[in-house]
Amino acid sequence: MILGKRVQKNKIFIFSLVIITGLFLMALFAPHLVSHDPLKTETENWLTPPGPDNWFGTDRLGRDIYSRVVFGSRISLSIGFISAAIMIFTGTLLGALAGYYGGIVDNLIMRLTDIIIVFPVLFLIITLISLFDSGFIHIILIIGFTGWPVVARLVRAEFMSLRERDFVQAIRALGASDLRIITRHILPNALDPIVVAATLSVPAAILAEAGLSFLGLGIPAPVPTWGNILREAHGYFRQAWWYAAFPGAFIFVTVMAFNLLGESLKDLLDS
Amino acid sequence: MYPFFSRRIFHAIIVLLGVSLLTFVMMNLAPGDPYHLDPELRFNPEAVARWKELRQLDQPLHVQYFSWLKNMLQGDFGISLVHNKPVWELMMERVPATLLLTGTSLLVSLLISIPLGVFSALRKGSFWDQVISSFTLGGVSIPNFWLGMLLILFFSYHFKWLPAAGMRTVGMEFSLLDYLKHLLLPTVVLSVASAAYFIRYVRAGVWEVIQQDYIITARAKGLGDMTILLRHVLRNAALPLITVISLHLPYLFTGAMLTEYVFSWPGMGRWIVSATLSRDYPSVMAINIMVAFLVTLFNLVADLLYASFDPRIKYR
């Protein structure tokens with residue numbers, strides 16, 4: 001009830017939620033929203049500026065950029081969500097184990113975390129992509145399984161401080177199993193920062209996909225994603241500003257909306 | 001102090017070995033071979049065997065790894081399988097450009113973020129604080145390669161003020177101004193995200209410090225605002241910032257890679273992509289270990305600085 005009131009008062013929270021819902025609906029109803037087939041080329045109309053026919057202009061093959069951007073939201077959002085889910089799951093699991101058990105378990109997990117952290121993420125991802133190929137599922141798994149260390153550190157810190165608290169000692173004295181203590185007693189108390197981290201993992205994953213696709217290592221053409229439209233635009237944006245402007249603006253707004261949501265959630269849960 | 005530090009060095013060595021082993025295993029598990037692009041080798045198994053033998057790629061994997069490790073420790077990173085040149089030479093052609101870009105950007109972002117972060121914290125909730133907060137939100141949200149493209153569009157293409165690509169004008173004699181002109185846009189692009197990120201930490205750090213009792217005491221003693229700020233606030237707020245910078249470093253390198261790509265900056269950015277795709281094992285190993293080494297070294301320095309500024313660390 002009190003949280004409900006605070007939510008109503010927090011305009012930023014509502015604002016970002018509205019944008020995100022809008023983006024979701026766009027991805028969901030993409031086939032009904034587009035004016036052209038995103039894959040259909042009309043080479044005689046290449047690089048047409050925005051106009052009534054092509055709202056965001058056309059690309060180097062005469063494809064409608066608006067339709068491609070709308071369809072691109074499907075890839076960006078699904079990668080954002082599924083990868084973030086993997087990051088949160090892996091990070092929470094490993095962070096919980098390290099923080100709860102300490103000692104050798106903690107040491108092993110933390111060294112693994114360090115190794116992944118000193119690798120600049122994109123370098124690690126590029127090395128991994130050479131191992132698999134760059135299909136949709138692979139990109140999701142790779143981004144998900146390289147992004148968890150930040151979450152793991154956070155969860156570990158929470159667990160380390162919670163496991164010393166009286167209520168945990170009391171439950172342990174009652175003979176509860178480790179699994180029960182972790183899942184029923186410590187985890188619910190550590191949930192707030194995990195929720196915030198989850199919200200902030202989505203934009204990180206979206207940016208990672210965009211960066212990879214921009215370098216030509218992400219989802220392969222002709223499937224439109226915001227990142228690979230920008231990659232194609234890189235060779236043409238001097239003549240055709242709209243080629244790069246619109247897909248980039250969508251990445252920017254989406255990432256910003258999720259960052260705002262995360263920040264306002266932090267405020268809501270803190271106070 | 002000594003045991004604390006030697007444990008940190010021990011951890012750093014384990015991490016570096018882990019990075020090299022991980023890279024090695026992943027590269028070798030990857031399908032495809034470096035010679036597969038060479039049409040002369042591709043259909044000639046004898047030539048392939050000879051080619052592998054010459055580069056000791058016919059040895060068992062663990063032998064390859066240990067001989068790589070031994071040579072690397074002696075400063076020999078092997079010969080690039082694609083360029084047929086020592087990896088060290090390739091690295092020396094590219095690493096300085098990347099370091100110039102990342103170093104300048106780090107410096108610029110600190111020069112921007114410390115004053116803005118302090119100002120924001122001292123005037124928390126004011127109009128300018130909100131302006132700065134909006135900038136930090138935008139800065140962490142904007143894809144830097146897109147920002148780079150927009151800046152090129154405006155400053156290079158539309159206004160023709162600044163060059164759009166490379167590190168210097170080809171064929172021109174050395175001129176500092178020319179270098180600076182080329183450096184300006186990529187530095188802006190790379191600094192935006194870091195500055196935004198640092199401002200948040202400086203603001204939060206300073207805000208926490210100014211609420212401490214010793215600041216009230218200092219004010220009660222009659223110290224001037226500037227003295228309090230420099231002697232008490234900044235000194236205490238600076239410590240966490242060292243850690244924040246060292247944790248941010250991998251992101252800086254990642255950002256540099258994309259920035260280099262947009263501006264055709266002659267650094268490691270494009271090299272890592274092409275070396276990985278062409279399975280140039282020695283180059284990929286060298287790049288990964290080099291970056292990991294730089295990051296780890298900086299982390300160690302950060303720990304050392306932290307420990308020497310904060311006496312409580314030593315007893316942990």
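Note that the coordinates shown come from a computational prediction; the quantities given were computed from them, not determined experimentally. Every chain is numbered from 1, with letters handed out A, B, ... down the list of sequences.
If you measure heavy-atom distances from B:Asn144 to chain A, you find no contacts under 4.5 Å at all. Proximity to chain A is limited to the side chain of B:Tyr157, based on heavy atoms less than 4.5 angstrom apart. Residue contact with chain B, scored on non-hydrogen atoms closer than 4.5 Å, is absent for A:Ala204. Contact of A:Ala257 with chain B is not made at all, since no heavy-atom distance falls under 4.5 Å. Neither the backbone nor the side chain of B:Leu294 has a heavy atom closer than 4.5 Å to any heavy atom of chain A. The parts of A:Leu260 that come within reach of chain B are both its backbone and its side chain, each placing non-hydrogen atoms under 4.5 angstrom from that chain.
In this structure, A:Ile14 places its CD1 atom where more than 12 heavy-atom neighbours from other residues, nucleotides or ligands lie under 6.0 Å away.
For the options B:Phe293, B:Tyr261, B:Phe145, heavy-atom pairs under 4.5 Å to chain A are most numerous at B:Phe145. When the candidates B:Ile272, B:Ile14, B:Leu252 are compared by the number of heavy-atom contacts under 4.5 Å with chain A, B:Ile272 comes out ahead. Contact count versus chain B (heavy atoms, under 4.5 Å) is highest, among A:Asp114, A:Leu230, A:Asn107, for A:Leu230.
The side-chain heavy atoms of A:Lys266 and A:Thr199, taken from C-beta on, include no pair separated by under 4.5 Å.
Aromatic pair A:Phe214/A:His234: centroids less than 6.0 angstrom apart. Within the 6.0 Å centre-distance limit, the rings of B:Tyr201 and B:Tyr197 are counted as a close aromatic pair.
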Can A:Asn10 and A:Ser264 be said to form a side-chain hydrogen bond (donor to acceptor under 3.5 Å, both in side chains), step by step? CA-CA 7 Å; A:Asn10 195 324; A:Ser264 50; 4.8 Å; no
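Rounded to the nearest 0.5 Å, atoms CZ (B:Arg8) and CG (B:Leu300) are 8.5 Å apart.
The aromatic rings of A:Phe81 and A:Phe258 lie perpendicular to each other, with more than 60° between the two planes, well past the 30° mark. Between A:Phe250 and A:Trp226, the angle of the ring planes lies from 30° to 60°, which puts this pair in the tilted group.
Of residues 147-155 of chain B, those residues with a non-hydrogen atom less than 4.5 Å from any non-hydrogen atom of chain A are, in numerical order, B:Met149, B:Ile152, B:Leu153.
Minimum interatomic distance between B:Val291 and B:Met268 (heavy atoms only, all atoms of both residues): CG2-CE, 3.8 Å.
With respect to the salt-bridge test (charged N to carboxylate O, under 4.0 angstrom), the residues A:Glu263 and B:Arg200 qualify.
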